[in-house]
There are 2 protein chains.
Amino acid sequence: MDKDKIDKKDHILDVAEKVFSDQGFDGASTRSISGEAGVNMAMLNYYFGSKEGLFLAVFNRKINSFKDLLQDLGNDEHLSAWDKVSTYIDMYAERVVNNNCFQKMLYQEMSMNKRGELSENLTRILMENVNEFHKILKEGIDKGEFNEDVDMELVTATIYGTKNFIINAPQLTSMMLGYDILDEKNLEEKFKPRIKAYQKKLLKSYLVKENDKTQNTYPAYVK
Amino acid sequence: MDKDKIDKKDHILDVAEKVFSDQGFDGASTRSISGEAGVNMAMLNYYFGSKEGLFLAVFNRKINSFKDLLQDLGNDEHLSAWDKVSTYIDMYAERVVNNNCFQKMLYQEMSMNKRGELSENLTRILMENVNEFHKILKEGIDKGEFNEDVDMELVTATIYGTKNFIINAPQLTSMMLGYDILDEKNLEEKFKPRIKAYQKKLLKSYLVKENDKTQNTYPAYVK
DNA sequence: CAAAATTAATCAAACGATTGATTAATGTAA
DNA sequence: TTACATTAATCAATCGTTTGATTAATTTTG
């Protein structure tokens with residue numbers, strides 16, 4: 001059946017995503033992936049051509065929905081620049097929580113040198129997202145809503161990096177925060193609201209001009 | 001000679017650090033390390049016992065100097081809490097620039113699950129640094145110098161994460177910043193002063209109470 | 001001192017295990 | 001039958017490690 005075939009491919013991709021993110025591209029063997037997925041090893045090559053093809057398939061399955069979502073936000077006429085940044089922070093936190101395996105896999109691969117075509121693809125696509133966010137920041141600066149000397153590139157690095165650090169070094173950050181950061185429930189109930197509130201407060205105090213700041217009414221983050 | 005022996009071991013560690021950080025633990029083969037170092041393959045096992053032993057040797061060579069430096073800063077009576085944070089940002093930026101290969105290697109390994117003893121060692125030692133920094137933040141809060149609702153853990157994640165992101169995804173961040181982030185000269189002349197100024201401004205606006213903020217006199221960062 | 005004994009350093013070769021990939025055979029459904 | 005799906009078996013290549021032999025350096029002994 002066509003349906004079964006799609007389900008099976010999808011199931012392989014689910015397992016591959018998890019194994020790749022746990023062990024890295026080199027550390028994950030095709031045998032362990034196929035074994036954990038309960039399919040014959042040859043099926044990976046049959047479906048995806050190669051190990052790298054499988055990796056790219058995992059990647060491509062995720063990225064398509066991102067850019068559209070972000071563009072819609074950027075083009076919304078009813079929102080102030082800060083509201084857009086705020087919404088972006090929310091969106092990004094949601095994405096990270098729900099796709100933390102993928103995010104880990106992604107940046108693990110990006111940190112390797114010399115895996116030519118693959119790295120270039122990842123870079124190119126992520127760069128599109130970066131540019132969309134920069135548009136929002138630039139809009140805020142041009143409108144006089146944000147400070148003129150805002151360092152747009154490093155603000156971006158801060159948003160991406162803070163989240164990345166927490167997800168990619170879970171052993172350390174779990175110890176820091178006092179709960180298991182990889183546990184679904186903690187991620188949803190504790191981490192998600194906390195990182196949202198924190199990043200908004202942090203960036204608002206940096207981005208928004210003094211006279212534009214309303215009184216801060218942030219919810220106390222969950223300890 | 002004893003001297004030559006130490007030099008040779010040190011040279012192997014230098015090369016291993018670079019190869020590990022480029023290719024990851026699994027991606028780096030003992031053959032490529034020994035080949036690039038110009039020594040026989042068996043020497044790695046002769047000196048370091050195993051591939052993992054070599055990795056740990058690279059790691060241990062670096063970490064020893066860190067904690068002392070940080071403790072001295074924390075115990076300095078003459079500095080305000082903000083001055084300490086500011087100095088810490090400077091120290092951290094210096095360290096990152098001068099050890100970016102190592103930093104990359106470190107967080108690559110930390111992002112993998114289930115490499116038991118190794119990961120635990122890394123976590124434990126990094127946690128000591130985290131705690132030293134938290135002491136400084138707590139001091140600032142207790143003294144009334146910083147806001148009471150500062151999220152200490154996420155501030156730490158911001159400092160570490162922003163830098164990490166830039167170093168670990170050099171292809172992306174080089175494209176963002178408009179220059180090669182791995183080039184020594186760019187790192188020293190452009191990136192280092194810029195990240196210092198940025199992080200200080202960002203954190204000052206978040207940490208320090210309004211009435212304690214002096215007028216901002218940051219140097220324009222290098223574009 | 002010099003000869004002998006011991007230790008350390010280095011090497012080429014090969015080990016068994018595992019890797020990603022391919023094959024040929026078999027099963028299945030239209 | 002025909003086309004696709006799935007399997008077990010197998011491939012060459014590469015992995016980390018070990019080996020036995022050889023050379024260089026050091027120590028011990030006479």
Side-chain angles (χ1 to χ4, degrees), chain A residues 1-59 105 108-109 112-119, chain B residues 1-59 105 108-109 112-119:
Chain A
M1 285 294 188
D2 210 23
K3 185 69 182 314
D4 285 351
K5 178 184 156 191
I6 293 176
D7 284 351
K8 178 172 256 179
K9 285 182 77 167
D10 239 49
H11 176 240
I12 292 175
L13 290 173
D14 287 337
V15 172
E17 184 180 321
K18 164 130 187 52
V19 177
F20 275 136
S21 72
D22 279 348
Q23 329 232 26
F25 183 82
D26 292 303
S29 72
T30 54
R31 278 174 179 77
S32 72
I33 294 174
S34 61
E36 198 150 327
V39 302
N40 189 280
M41 213 179 50
M43 297 308 293
L44 303 189
N45 294 302
Y46 180 71
Y47 280 135
F48 307 105
S50 69
K51 186 187 184 182
E52 179 156 332
L54 172 60
F55 185 90
L56 281 170
V58 174
F59 179 71
M105 189 183 80
Q108 244 173 51
E109 231 21 59
M112 309 266 184
N113 286 342
K114 302 175 181 172
R115 210 188 303 285
E117 193 190 349
L118 202 157
S119 287
Chain B
M1 288 293 187
D2 210 21
K3 185 72 184 312
D4 284 352
K5 176 186 157 190
I6 293 176
D7 284 352
K8 179 168 259 181
K9 281 182 82 167
D10 239 50
H11 176 240
I12 292 175
L13 290 172
D14 287 338
V15 172
E17 183 179 323
K18 165 134 185 50
V19 177
F20 275 136
S21 73
D22 279 348
Q23 329 232 27
F25 183 82
D26 293 301
S29 72
T30 54
R31 280 174 178 78
S32 72
I33 294 174
S34 61
E36 198 151 327
V39 302
N40 188 278
M41 220 175 42
M43 298 309 295
L44 304 190
N45 296 80
Y46 180 74
Y47 280 134
F48 307 103
S50 67
K51 188 186 184 184
E52 179 157 331
L54 172 60
F55 186 90
L56 281 170
V58 174
F59 179 70
M105 189 184 80
Q108 242 173 54
E109 232 22 59
M112 307 267 184
N113 285 342
K114 301 178 183 174
R115 211 190 300 287
E117 195 190 348
L118 202 156
S119 287

Side chain of [X] only, please: which of [options] is the nearest?
{"X": "A/Ala42", "options": "C/dT23, C/dA14, C/dG20", "result": "C/dT23"}
{"X": "B/Asn45", "options": "C/dA14, D/dT18, D/dA9", "result": "D/dT18"}
{"X": "B/Met43", "options": "C/dT22, D/dT6, C/dC11", "result": "C/dC11"}

In whole Å, what is the span from the [atom1] atom of [X] to the [atom2] atom of [N]?
{"X": "A/Asp26", "N": "D/dC15", "atom1": "CG", "atom2": "C1'", "value": "12 Å"}
{"X": "B/Met41", "N": "C/dC11", "atom1": "CE", "atom2": "P", "value": "12 Å"}
{"X": "A/Lys51", "N": "D/dA13", "atom1": "NZ", "atom2": "C1'", "value": "14 Å"}
{"X": "B/Arg31", "N": "D/dA13", "atom1": "CZ", "atom2": "C1'", "value": "10 Å"}
{"X": "A/Phe48", "N": "C/dA21", "atom1": "CZ", "atom2": "C1'", "value": "16 Å"}
{"X": "A/Ile33", "N": "C/dT18", "atom1": "CD1", "atom2": "P", "value": "17 Å"}

So, does [X] get its side chain near the phosphate of [N], meaning an N or O under 4.0 Å from OP1 or OP2?
{"X": "B/Asn40", "N": "C/dA12", "result": "yes"}
{"X": "A/Tyr47", "N": "D/dT6", "result": "yes"}
{"X": "B/Ser29", "N": "D/dC15", "result": "yes"}
{"X": "A/Lys8", "N": "D/dT6", "result": "yes"}
{"X": "A/Tyr46", "N": "D/dT6", "result": "no"}

task = Say whether, by atom type as modelled, one donor and one acceptor occur between the side chain of B/Lys51 and the main chain of B/Ala28 under 3.5 angstrom.
result = yes
query = Charged N to carboxylate O below 4.0 Å: is that the case for B/Lys18 and B/Asp22?
reply = yes
note = In this structure, CZ of A/Phe48 is separated from OG1 of A/Thr30 (nearest 0.5 Å) by 13.0 Å
query = How are the rings of B/Phe25 and B/Phe20 set to each other: parallel, tilted or perpendicular (split at 30° and 60°)?
reply = parallel
request  = Would you mind classifying the nucleic acid contact of B/Thr30 as base, sugar-phosphate or nothing, using non-hydrogen atoms under 4.0 angstrom?
outcome  =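 If one applies the 4.0 Å heavy-atom cut-off, B/Thr30 turns out to touch a base.
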query = Between A/Gly49 and A/Gly27, which has a closest nucleotide on DNA chain C that is more 5'?
reply =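 Its nearest nucleotide being more 5', the pick is A/Gly27.
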query = Going through the checks in order, is the side chain to side chain contact (heavy atoms under 4.5 Å, CB included) test met by A/Tyr47 and A/Leu54?
reply = CA-CA 8 Å; A/Tyr47 280 135; A/Leu54 172 60; over 6 Å; no
